[in-house]
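Residue numbers count from 1 along this sequence. As a basis for the values below, the full set of heavy atoms in this structure was taken, side chains included, without hydrogen atoms, waters or symmetry mates. In each ligand, atom 1 is the first atom listed, and ligand 1 is the first ligand listed.
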Amino acid sequence: MTDQNEEHRIAMEKRQAEQREIIKSKKKGTRGQLLVNTGDGKGKSTAGFGTVLRALGCDWKVAIVLFVKGKWKTGEREFFNRFSDLVDLRVMGEGFTWDTQDREQDIRAARAAWEVSCEMMQSGKYQLVLLDELNIVLRSGYLPLEEVLAGLAARHVDTHVIVTGRNAPTELMDMADMVTEMKKIKHPFDVGIKATQGIDY
Ligand code: ATP
Ligand code: MG
């Protein structure tokens, strides 16, 4: 047993030295990053909101733009509305496209949301801006991709931006500093379970 403990200690000491070398070889980021959460698994928006909580804990100013407003009241919206002094939350979408059934209205809503997003990203007022479901709007062709890429590139140098939604365009992923693909292994929806309050909305 003592031998095993001693072996462990030596192995960890070596590992710690290696870790320290790796960290020493990296440098601190000098500008705001672009993060993309995409894929067909659950957790893209959840991870975005989780990062918002972390940022708020660091006393950052945060803005959230919801591009596709859900049909229901969501837990996150209720929560962030309680902290409107800390989070600037804008609900810009008119609803799922299959609910609005009005392409012109969807396009107008997307444009209004994008204009607000650009202002927020360029203002330098926020350290973090979450653009939830922007990918959905792009996929629907409601905003020109080139314009969106240019707007993201023109963000304030200190502003981090998170873009969520399935089917992120390749060009956006190319431009991003971090891309995470949520991969579905199982989802209750596949066996006939409806979205669950507190978990899904
Ligand atoms: P969440 O907001 O829960 O993090 P998400 O942002 O990853 O989900 P969206 O594509 O925005 O995923 O999905 C919105 C809703 O659809 C959520 O209620 C989510 O739980 C659900 N959902 C996500 N992935 C799947 C899937 N593979 N099959 C069925 N429903 C899904
Ligand atoms: Mg989502």
As an exercise, identify every atom of ligand 1 less than 4.0 angstrom from a heavy atom of [X].
{"X": "T46", "answer": "1 (P), 3 (O), 4 (O)"}
{"X": "E133", "answer": "6 (O), 11 (O)"}
{"X": "G41", "answer": "7 (O), 24 (N)"}
{"X": "G43", "answer": "4 (O), 5 (P), 7 (O), 8 (O)"}
{"X": "F189", "answer": "29 (C)"}

Side chains of T164 and N37: any donor to acceptor distance under 3.5 Å? no
Ring center gap for F49 and F80 short of 6.0 angstrom: yes
Does the distance from a Lys or Arg side-chain N to an Asp or Glu carboxylate O, for [X] and [Y], drop under 4.0 Å?
{"X": "D132", "Y": "K44", "result": "no"}
{"X": "D88", "Y": "R90", "result": "yes"}
{"X": "E78", "Y": "R82", "result": "no"}
{"X": "E6", "Y": "R9", "result": "yes"}
{"X": "D200", "Y": "K194", "result": "no"}

Side chain to side chain, I64 and V87, heavy atoms closer than 4.5 Å: yes
May I ask you to decide if L128's main-chain N or O and T159's side chain share a donor-acceptor pair within less than 3.5 Å?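 Not at all, since once roles are kept as given, no pair shorter than 3.5 Å links the two residues.
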Which part of [X] is near ligand 1, with near meaning a heavy atom under 4.0 Å away: side chain, backbone, both or neither?
{"X": "T164", "result": "neither"}
{"X": "H187", "result": "side chain"}
{"X": "M182", "result": "neither"}

Quick test of your reading of the structure: of R166, K194, K184, K183, whose heavy atom lies closest to atom 23 (C) of ligand 1? R166
Among the protein atoms near the Mg ion (ligand 2), how many are N, O or S and lie under 2.8 Å away?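 With waters ignored, the protein N/O/S count below 2.8 Å is 2.
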If the test is side chain to side chain contact (heavy atoms under 4.5 Å, CB included), which one of T38, V163, V179 qualifies with L172? V163
